[in-house]
Amino acid sequence: TMSSSENPSTSLFREYLRIRTVHPDPDYGNQFLVRVAKDIGLESRKVKLSSGRDILVMTWQGTDPKLKSVILNSHIDVVPVYEDLWTHPPFAAHKDEAGNIYARGTQDMKCVTIQYLEALRQLKSDGSHFPRTIHLTLVPDEETGGHTGMELFVDYPEFKDLNPGITLDEGLASPTEEFSVFYGEKCPWWITVHCRGD
Ligand SMILES: [Zn+2]
């Protein structure tokens with residue numbers, strides 16, 4: 001069968017796609033992610049936010065932990081579906097004969113999370129070491145604006161303790177052979193607006 005020859009990374013991706021982290025009531029149990037972290041040999045911990053949501057942080061300690069870290073960020077939640085408009089059930093992660101995988105979250109952005117994890121698994125199993133610590137941050141509620149997730153987390157001491165130097169997060173799919181990279185998308189740009197009363 002197709003599944004017996006499937007790349008384990010693909011199987012893990014499909015397993016993650018079947019977890020219904022869909023708004024408005026996402027399954028944020030995170031057992032799957034904690035299990036994968038443990039399997040790879042990453043330390044994982046949860047930071048509880050004042051919103052009641054958890055941020056999951058996975059860490060691969062660098063050989064020079066004083067250096068600023070690399071943060072690989074991704075959101076766990078996905079937007080809702082109109083299930084009757086789908087050719088395959090959106091939380092079944094069906095793979096067709098051509099190898100296309102159908103699910104809410106395939107592009108946005110469970111693919112990226114599994115890519116981070118499987119890249120780290122490969123590097124660790126190759127015996128690689130890096131000076132900088134690498135953190136995976138897995139955040140809730142991006143699709144509803146992040147006000148109960150990342151927006152809170154960045155003001156927590158647990159975030160500053162990550163000692164971030166650079167962060168990767170999602171991009172967008174490209175219909176061509178070119179990849180798009182969002183450069184400095186979230187840089188602050190302060191402007192002053194003067195409103196005169198006359
Ligand atoms: Zn997204």
Side-chain angles (χ1 to χ4, degrees), residues 9-34 36-37 42 44 46-47 49 51-58 69-83 85-95 100-121 134-156 158-159 162 164 166-189:
S9 301
T10 307
S11 303
L12 201 71
F13 177 41
R14 294 174 69 193
E15 187 178 347
Y16 187 28
L17 290 168
R18 292 185 191 110
I19 300 170
R20 301 179 67 102
T21 59
V22 58
H23 286 288
D25 186 24
D27 173 3
Y28 282 144
N30 294 338
Q31 296 95 333
F32 168 83
L33 294 166
V34 171
V36 174
L42 299 170
S44 79
K46 286 177 184 174
V47 179
L49 302 177
S51 59
R53 297 300 205 199
D54 291 332
I55 304 277
L56 196 55
V57 181
M58 302 175 183
S69 68
V70 176
I71 295 185
L72 305 176
N73 183 69
S74 56
H75 65 81
I76 302 168
D77 57 322
V78 300
V79 295
V81 290
Y82 293 103
E83 192 150 355
L85 299 179
W86 284 62
T87 51
H88 301 284
F91 298 98
H94 174 78
K95 186 164 80 172
N100 299 307
I101 296 169
Y102 295 78
R104 172 63 84 225
T106 49
Q107 292 187 359
D108 186 7
M109 65 173 293
K110 290 182 173 180
C111 54
V112 177
T113 308
I114 295 299
Q115 286 161 24
Y116 292 153
L117 287 165
E118 290 297 285
L120 295 193
R121 183 201 302 276
I134 299 169
H135 298 289
L136 260 75
T137 48
L138 296 126
V139 307
D141 295 354
E142 189 273 346
E143 298 291 9
T144 51
H147 311 300
T148 45
M150 187 52 109
E151 187 179 308
L152 295 173
F153 183 47
V154 293
D155 288 327
Y156 274 51
E158 289 89 341
F159 179 77
L162 300 179
I166 189 169
T167 303
L168 296 184
D169 198 350
E170 65 193 329
L172 283 175
S174 166
T176 70
E177 292 301 307
E178 292 174 353
F179 289 97
S180 53
V181 175
F182 290 82
Y183 171 73
E185 184 193 19
K186 300 284 168 65
C187 285
W189 187 33

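We're numbering straight along the sequence, starting at 1. Side-chain atoms are counted along with the backbone in the values below, which use heavy atoms only and exclude waters and symmetry mates. Atoms within each ligand, like the ligands themselves, are counted from 1 in listed order.
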- Message: Using 30° and 60° as the class boundaries, would you call the ring planes of H88 and H94 parallel, tilted or perpendicular?
- Response: parallel
- Query: When you measure from the side chain of H135 to the backbone N and O of T137, does any donor-acceptor pair fall under 3.5 Å?
  - Reply: no
- Message: Treating Y16 as the side-chain partner and L33 as the backbone partner, does any N or O pair qualify as donor plus acceptor under 3.5 Å?
- Response: no
- Query: Can E118 and R121 be said to form a salt bridge (charged side-chain N to carboxylate O under 4.0 Å, His left out), step by step?
  - Reply: CA-CA 5 Å; E118 290 297 285; R121 183 201 302 276; 2.8 Å; yes
- Could you walk me through whether M150 and N73 pass the side chain to side chain contact (heavy atoms under 4.5 Å, CB included) test, one step at a time? CA-CA 10 Å; M150 187 52 109; N73 183 69; 3.2 Å; yes
- So what's near the Zn ion (ligand 1), protein N, O or S atoms under 2.8 Å? H75 NE2, D108 OD1, E170 OE1, E170 OE2
- Message: side chain to side chain contact (heavy atoms under 4.5 Å, CB included), that's the test. Do D108 and E143 meet it? Break it down for me.
- Response: CA-CA 10 Å; D108 186 7; E143 298 291 9; 3.0 Å; yes
